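This is a predicted model, so every value here is computed, not measured.
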Amino acid sequence: KMLCSRRCLVTSRQLYSVVHDPNEKTFEKLLVANRGEIACRVIKTCKKMGIKTVAIHSDVDANAVHVQMADEAACVGPAPSGQSYLNMDAIMGAIRRTGAQAVHPGYGFLSENREFAKRLASEGVTFVGPDTHAIQAMGDKIESKLLAKNAKVNTIPGFDGVVKDADEAVRIAREIGYPVMIKASAGGGGKGMRIAWDDEETREGFRFSSQEAASSFGDDRLLIEKFIDNPRHIEIQVLADKHGNALWLNERECSIQRRNQKVVEEAPSTFLDPETRRAMGEQAVALAKAVKYSSAGTVEFLVDSSKNFYFLEMNTRLQVEHPVTECITGLDLVQEMIRVAKGYPLRHRQTDIPINGWAVECRVYAEDPYKSFGLPSIGKLTQYQEPLHLPSVRVDSGIQQGSDISIYYDPMISKLITYGSNRAEALKRMEEALDNYVIRGVTHNISLLREVIIHPRFVQGDISTKFLPEVYPDGFKGHKLTDPERRELLATAASLYVAEQLRSQRFLAQPENRRDGAGVGAGARWELSVNLEDGVYPVTVSKSDSTFSVEVDGMKLNVTGEWNLASPLLSVTVDGTQRTIQYKLQILSQAAAELSKYMPEKAAEDTSSILRSPMPGTVVAVSVKPGDTVSEGQEICVIEAMKMQNSLAAAKTGKVKAVHCRAGDTVGEGDLLVELE
């Protein structure tokens with residue numbers, strides 16, 4: 001069995017700790033109503049607390065890591081989450097069969113579903129979370145905003161009712177003043193949210209948001225509020241018990257986002273001073289007390305450049321990014337939730353809550369970062385190695401080598417967390433951890449994450465929720481190599497190529513080469529050609545003992561390393577500087593490079609006349625039929641992938657020649673959808 005998330009030592013203490021009193025009885029058996037990394041995370045704490053665990057799974061998740069980790073497992077339906085992880089009847093049946101006394105819902109799925117919490121209560125099963133009143137009050141964005149106002153919490157100007165239709169949405173938007181945010185009343189996780197800058201975008205946003213809200217939450221009610229341009233997204237972690245005690249556990253900075261979903265989080269924030277932190281914390285606790293909240297919860301705020309903060313929403317569950325709070329406070333939030341659910345009072349007072357050091361979390365997704373900062377990717381993890389050999393690194397994951405990333409669930413691979421005594425140290429460790437993370441078989445976003453954390457604006461703390469589109473206005477294009485980096489890359493790649501050639505010769509036991517490698521390359525030179533995206537570069541390699549001497553651009557670089565070619569990671573030293581590089585390139589011998597000039601290049605496809613699916617997913621709607629005339633930018637079809645709907649538009653004006661898909665079809669990346677004449 002593979003452990004999904006691990007802790008590592010930071011000086012003499014751990015990134016978070018379970019200080020468990022064996023005499024403090026909680027539950028004998030707990031069912032985790034979730035999957036993936038968060039299910040593994042909950043199971044880990046349960047094991048340390050001596051609680052037996054039950055995993056639930058869909059049929060495609062039968063061999064998933066969270067199932068392997070649990071003491072028992074129950075299948076709750078087929079792959080689509082609506083028929084399995086959201087299937088209350090099946091989950092209630094699993095609870096009865098296994099005799100689970102409590103249920104931890106993780107995040108997403110049924111974690112903020114009042115009906116589920118009610119059904120558990122009616123059968124005497126403890127819901128590890130707040131009571132149904134708080135779930136309803138905070139889960140409904142309209143009601144929560146009114147409650148926040150009454151609790152003297154700063155709120156964003158907006159319409160406090162349910163928007164009936166697109167016409168009313170336009171009228172309200174005009175009254176509030178553009179830009180506006182249209183969002184699902186029951187929403188969360190970036191689903192069912194659209195920003196509109198004019199009437200047309202409001203109508204379109206109303207349609208998409210209501211559809212996404214219905215498919216994600218079974219509730220298509222929407223509200224509209226003023227969109228605060230260029231804000232920071234900062235949230236306060238709260239923890240409350242059933243005895244009237246409530247604490248705020250500092251903030252998390254979550255401004256690096258794409259499509260309203262967080263990508264990089266950190267704690268604390270570079271932006272908050274102690275006074276603002278305290279004011280936000282006290283308002284968050286006031287709101288929690290107003291709804292008699294008990295358990296861990298998060299109050300999200302938008303903060304403008306003048307440190308004015310406005311209540312956004314309260315999430316009545318454990319957040320994805322909770323590890324950074326655990327790192328700087330030393331608390332195990334899952335353990336605290338379980339204790340509170342059993343009825344124990346909090347063990348800490350507000351003055352006990354520290355900010356020790358700095359923690360950064362990167363969400364590692366199976367996504368193509370070159371498409372809209374991340375469109376989902378699917379496939380099998382053919383090679384997978386977490387960078388847990390490095391100090392102060394924590395990885396919360398629910399997959400292993402051989403796992404499948406499917407279209408049915410969120411494309412998250414893991415959460416990579418690093419800790420340091422200060423922000424610079426935490427970021428340096430994150431850079432090293434990303435460089436040492438091995439993921440093969442699916443497209444992933446590590447290249448984007450690495451660029452973000454080393455970008456001068458991010459390093460200075462100059463960030464907002466618009467960071468990605470501002471820094472990469474034409475989309476993310478990958479790392480731009482400096483001249484020294486390019487030379488180091490060419491030298492390393494060429495050395496590796498020669499090392500591999502020499503190993504092959506020894507393996508084949510060619511007579512001119514002894515098995516120990518002696519004599520190989522004595523005075524020999526390898527003339528090579530390396531293809532990078534920006535051109536072809538000639539390099540010359542010679543070898544002396546374990547050092548390769550490489551000539552690039554008229555300069556000589558010395559490359560040394562262990563050259564263990566069986567390892568997915570090689571740490572090499574280039575002119576005394578240690579490097580860990582992951583890069584795609586092509587290396588040819590000089591002869592092969594000469595011949596390759598005669599290979600015809602594949603003609604580029606005319607993408608203006610055809611529409612291919614940019615990602616794997618399900619066709620939700622097709623808006624055209626053969627013979628229809630479409631104009632440039634007109635919607636042709638809608639693809640849903642990992643619960644997000646994506647509108648695909650015509651690249652030019654023309655007549656529809658053929659339609660190759662219909663609503664309900666499952667499509668792969670690159671599948672032909674529609675042809676124009």
Side-chain angles (χ1 to χ4, degrees), residues 4-5 16 18 20 24-57 61 64-67 69-74 76 81 84-88 90-92 94-96 98-121 123-132 134-135 139 188 237 239-242 293-298 315-323 325-326 331-344 396 398 415:
C4 294
S5 58
Y16 67 101
V18 179
H20 176 56
E24 188 179 84
K25 300 299 178 193
T26 53
F27 305 102
E28 288 181 17
K29 190 183 287 188
L30 179 146
L31 181 141
V32 185
N34 216 300
R35 67 179 298 280
E37 67 86 10
I38 193 60
C40 296
R41 167 71 190 87
V42 173
I43 291 168
K44 248 182 105 229
T45 288
C46 287
K47 283 181 183 293
K48 295 188 178 76
M49 295 178 72
I51 302 169
K52 288 183 177 169
T53 53
V54 181
I56 61 167
H57 64 89
D61 271 348
V65 178
H66 75 281
V67 176
M69 284 184 71
D71 298 295
E72 299 174 54
V76 289
S81 53
S84 51
Y85 295 104
L86 291 169
N87 185 344
M88 283 192 230
I91 295 169
M92 294 306 296
I95 293 166
R96 291 185 205 106
T98 58
Q101 302 163 318
V103 171
H104 196 300
Y107 56 74
F109 293 133
L110 296 171
S111 62
E112 295 178 279
N113 188 297
R114 179 174 55 114
E115 184 59 35
F116 183 53
K118 265 187 177 174
R119 288 182 67 169
L120 291 174
E123 300 206 14
V125 178
T126 302
F127 180 73
V128 181
D131 63 23
T132 53
I135 294 172
Q237 175 71 56
L239 182 63
D241 62 22
K242 299 178 191 295
Y293 195 85
S294 63
S295 193
T298 295
N315 293 308
T316 57
R317 54 171 166 80
L318 192 63
Q319 290 278 84
V320 175
E321 58 275 14
H322 74 273
T325 297
E326 293 183 327
L331 295 178
D332 179 328
L333 292 180
V334 174
Q335 183 191 17
E336 298 303 327
M337 291 177 80
I338 292 170
R339 290 186 70 260
V340 166
K342 185 63 178 175
Y344 290 109
D396 283 19
K415 299 177 322 201

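One N or O on the side chain of E112 and one on the backbone of T316 form a donor-acceptor pair closer than 3.5 Å. Not a single donor-acceptor pair under 3.5 Å links the side chain of D61 to the backbone N or O of A64. Listed for the N113 side chain is a donor-acceptor partner under 3.5 Å among the backbone atoms of E115. In this structure, the side chain of D131 does not engage the main chain of S294 through any donor-acceptor pair within 3.5 Å. At least one donor-acceptor pair under 3.5 Å links the side chain of K47 to the backbone N or O of M69. Between the side chain of H66 and the backbone N or O of I56 there is at least one donor-acceptor pair closer than 3.5 Å.
Y344 is not listed as a side-chain neighbour of D241, based on a closest heavy-atom distance of 4.5 Å or more. In this structure, the side chains of T53 and V42 stay at 4.5 Å or more apart for every pair of heavy atoms.
Between K415 and the choices E37, E326, E321, the salt bridge (charged side-chain N to carboxylate O under 4.0 Å, His left out) rule is met once, by E37.
The number of heavy-atom neighbours closer than 6.0 Å to NZ of K29, taken from other residues, nucleotides and ligands shown, is above 12.
Evaluation of the ring pair (Phe, Tyr, Trp, His ring centres under 6.0 Å) rule for F127 yields no partner, not counting sequence neighbours. H322 meets the side chain to side chain donor-acceptor pair (under 3.5 Å) test with R41; sequence neighbours excluded.
If you take CD on Q319 and OG1 on T298, they are separated by 4.0 Å, rounding to the nearest 0.5 Å.
A salt bridge is absent between K342 and E24; no separation between the charged side-chain nitrogens and carboxylate oxygens falls under 4.0 Å.
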